[in-house]
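Written out below as structure tokens is the structure these notes cover.
Keep in mind that this is a model prediction, so the values were computed, not measured. All values below come from the heavy atoms of this structure, side chains included, with hydrogens, waters and symmetry mates left out.
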Amino acid sequence: VGRGVSNGVGQALDASDRAIEGLGAMVGEVASLTVTQSFVASLPRIADAGGGRLELASAERNETLRDVDTLSLFGESFSLGTSVAEIKVPVVYRYYIDLEEAWELDLQDGLCRVLAPRLRASLPPAIQTQHMEKKIENGWARFNGSQKMQELEKQLTPTLVQYAEEASLMILVKQQARKSLSRFVHQWLLQQPLGKDLASVGFVQIRFAGEEGGWGDVPAYVQLESED
């Protein structure tokens with residue numbers, strides 16, 4: 001009998017513990033939902049870029065597009081020369097998130113994790129035409145350099161659009177974007193009347209929708225105290 005009573009009490013305690021854990025998880029989910037809803041509701045008022053976009057990163061690169069055309073007769077034994085068309089131009093790539101897409105914020109132990117909308121390139125990139133350089137070279141028996149330049153000019157914008165979304169460039173700008181967005185989020189936290197827990201957040205982690213990997217693959221940025 002004693003053993004049955006003991007087992008019954010143990011089962012009851014286990015059930016109680018599970019209920020408390022479940023309640024704690026529900027409270028955490030509700031708290032995160034409340035913070036996310038409050039953050040999303042305030043976005044139109046605090047966004048610093050128009051059109052429902054928040055610009056987070058930019059990169060400027062000097063791009064070179066080159067078209068080389070060599071013509072020979074009798075195989076490679078008799079060369080008619082080479083035509084070269086080349087364009088060099090500075091290009092500014094900008095990256096933003098759409099403020100109307102889904103957000104998720106989660107606060108735990110002084111850490112704010114933000115799953116932000118996908119980071120996208122503003123297209124087309126900004127071509128600095130005032131600094132563009134063009135060069136044409138015709139081989140001794142070639143006269144199609146101007147034609148090659150016209151073809152290269154038509155390819156310029158589509159090619160730069162592809163460059164804007166290259167993985168190597170996206171890796172670089174995402175780090176800049178994470179830092180920018182972490183400051184953006186922390187300033188919002190400091191302005192909220194939702195309790196001292198928000199203002200005491202010391203770290204912010206940012207991931208963008210569609211990114212591979214998990215939270216362990218992105219840095220947590222230390223947030224400095226406001227100067228106000």
Side-chain angles (χ1 to χ4, degrees), residues 12-59 93-122 165 167 169-228:
L13 290 175
D14 289 343
S16 177
D17 289 342
R18 288 195 298 272
I20 292 173
E21 290 176 0
L23 180 60
M26 291 175 60
V27 171
E29 290 174 0
V30 171
S32 295
L33 181 60
T34 302
V35 172
T36 300
Q37 289 175 335
S38 179
F39 178 75
V40 171
S42 69
L43 283 174
R45 297 195 300 273
I46 61 178
D48 59 5
R53 296 181 175 186
L54 180 63
E55 185 175 304
L56 295 175
S58 64
Y93 301 95
R94 294 187 173 90
Y95 297 84
Y96 72 94
I97 54 176
D98 188 336
L99 296 173
E100 297 181 358
E101 293 184 1
W103 293 75
E104 291 182 17
L105 275 73
D106 182 42
L107 298 174
Q108 291 185 9
D109 301 324
L111 171 65
C112 179
R113 285 178 167 169
V114 181
L115 181 58
R118 181 184 297 272
L119 187 67
R120 291 183 168 89
S122 296
E165 297 175 335
L169 184 55
M170 289 298 294
I171 290 173
L172 293 176
V173 297
K174 277 184 179 179
Q175 297 311 310
Q176 180 184 345
R178 289 188 218 281
K179 291 180 181 179
S180 298
L181 187 54
S182 68
R183 291 192 295 268
F184 181 85
V185 170
H186 193 252
Q187 286 301 314
W188 173 81
L189 292 173
L190 292 175
Q191 296 169 9
Q192 300 311 300
L194 297 180
K196 63 181 181 180
D197 289 342
L198 292 183
S200 65
V201 171
F203 299 88
V204 174
Q205 268 186 309
I206 305 291
R207 288 184 62 217
F208 297 102
E211 276 193 296
E212 297 181 356
W215 289 108
D217 300 313
V218 297
Y221 294 103
V222 178
Q223 302 305 311
L224 301 178
E225 292 294 332
S226 172
E227 295 179 359
D228 298 336

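Tyr96 approaches Ala121 most closely through the heavy-atom pair CE2-O, 3.7 Å. Contact record, Gly210 with Arg118: CA-NH2, 3.8 Å, taken as the closest heavy-atom pair.
Listed by chain and residue number, Ala59, Arg61, Tyr93, Tyr95, Val173 satisfy the side-chain contact (heavy atoms from CB on, under 4.5 Å) test with Leu169 (two or more places apart in sequence, or in another chain). In this view, Arg120 and Glu101 satisfy the side chain to side chain donor-acceptor pair (under 3.5 Å) rule, not counting sequence neighbours. For Glu211, the side-chain contact (heavy atoms from CB on, under 4.5 Å) partners at least two apart in sequence or on another chain are Lys174, Arg178, Arg207, Phe208.
Lys179 NZ to Gln175 CD: the interatomic distance, rounded to the nearest 0.5 Å, is 7.5 Å. Distance check, rounded to the nearest 0.5 Å: CZ of Arg53 to CG of Leu99 gives 10.5 Å. With values rounded to the nearest 0.5 angstrom, Leu181 atom CG is found 9.5 Å from Leu119 atom CG.
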Under 3.5 Å, which donor-acceptor pairs do the side chains of residues 109-117 form with other protein atoms, sequence neighbours left out?
from: Arg113; atom 1: NE; to: Gln205; atom 2: OE1; distance (Å): 2.9

Kindly determine whether Trp188 and Leu105 satisfy side-chain contact (heavy atoms from CB on, under 4.5 Å), including the steps that lead there.
CA-CA 12 Å; Trp188 173 81; Leu105 275 73; 4.1 Å; yes
Begin from the C-alpha positions of Ile97 and Trp103 and carry the test side-chain contact (heavy atoms from CB on, under 4.5 Å) through to its verdict.
CA-CA 11 Å; Ile97 54 176; Trp103 293 75; 3.4 Å; yes
